[in-house]
Amino acid sequence: QVQLVESGGASVQPGGSLRLSCTASGNIYPNDCMGWFRQAPGKERDRVAFIDGDGDTRYVDSVRGRFTISKDTAKNTLYLQMNSLKPDDTATYYCAAQKGCGAWWAPLFAYWGPGTQVTVSS
């Protein structure tokens, strides 16, 4: 089993920055793929960013160039640095992990955190 806990969500003004963290415990391995997803009120959960076992990253178009996903395997922690935040980034952000590493597809992520709220508003 793997447990994930997100932190770092807050309310910020447009143009601001936040760094989300996701601490993992349990049977998680450096080569396991991990990702960030988000869900805005009334909308489906969407992909945000993905990092594979080799450290290669992928982003959805709406956040590419503004968000950066990274991980510290020694600390079992996943990060999401978010810059130039926009009101459309308002959502609950979820950290997720796979068993091993497959495609960037939500059903392949076996473990999910409870989420952390990010609100971008003036």
Do [X] and [Y] have side chains that approach each other closer than 4.5 Å (heavy atoms only, starting at C-beta)?
{"X": "P87", "Y": "S121", "answer": "no"}
{"X": "T23", "Y": "N76", "answer": "no"}
{"X": "M82", "Y": "W36", "answer": "no"}

Side-chain polar contacts of residues 1-10 - donor-acceptor pairs under 3.5 angstrom, sequence neighbours left out - could you list them?
| from | atom 1 | to | atom 2 | distance (Å) |
| --- | --- | --- | --- | --- |
| Q3 | OE1 | S25 | OG | 3.3 |
| E6 | OE1 | G115 | N | 2.8 |
| E6 | OE2 | C95 | N | 2.8 |
| E6 | OE2 | G115 | N | 3.2 |

What's the spacing between [X] [atom1] and [Y] [atom2] if we round to 0.5 Å?
{"X": "F67", "Y": "L18", "atom1": "CZ", "atom2": "CG", "answer": "9.0 Å"}
{"X": "L80", "Y": "S70", "atom1": "CG", "atom2": "OG", "answer": "8.5 Å"}
{"X": "F109", "Y": "R47", "atom1": "CZ", "atom2": "CZ", "answer": "9.0 Å"}
{"X": "T116", "Y": "Y93", "atom1": "OG1", "atom2": "OH", "answer": "10.5 Å"}

K71, NZ atom: more than 12 neighbouring heavy atoms under 6.0 Å: yes
Tell me yes or no: between the side chains of T92 and Q117, is some donor less than 3.5 Å from an acceptor? yes
T77 and D72: side-chain donor and acceptor closer than 3.5 Å? no
Can Q98 and F50 be said to form a side-chain contact (heavy atoms from CB on, under 4.5 Å), step by step? CA-CA 11 Å; Q98 297 186 4; F50 173 83; 4.1 Å; yes
So which atom in G53 and which in C33 form the shortest heavy-atom distance, rounded to 0.1 Å? N-SG, 4.2 Å
What are the two closest non-hydrogen atoms of P14 and S122, and how far apart are they? CD-N, 3.7 Å
Let me check something: do Y79 and V60 share a hydrophobic cluster, defined by ILVMFWY side-chain heavy atoms less than 4.5 Å apart, either directly or through other members? no
From CA spacing to verdict: side-chain contact (heavy atoms from CB on, under 4.5 Å), Q81, S17: CA-CA 8 Å; Q81 177 66 43; S17 297; 4.1 Å; yes
Six-ring centre of Y94, R38 cation under 6.0 angstrom, axis tolerance 45°: no
Angle between ring planes, W112 versus F37, binned at 30° and 60°: parallel, tilted or perpendicular? tilted
Check whether Y59 reaches the backbone of I69 with its side chain - one donor and one acceptor, N or O, closer than 3.5 Å. yes
Quick one: hydrophobic cluster around L108, which other residues, with the 4.5 Å side-chain cut-off, linked directly or via members? W105
Would you list the pairs meeting salt bridge (Lys or Arg N to Asp or Glu O under 4.0 Å) in which at least one residue belongs to residues 51-64, sequence neighbours left out? D61-R64
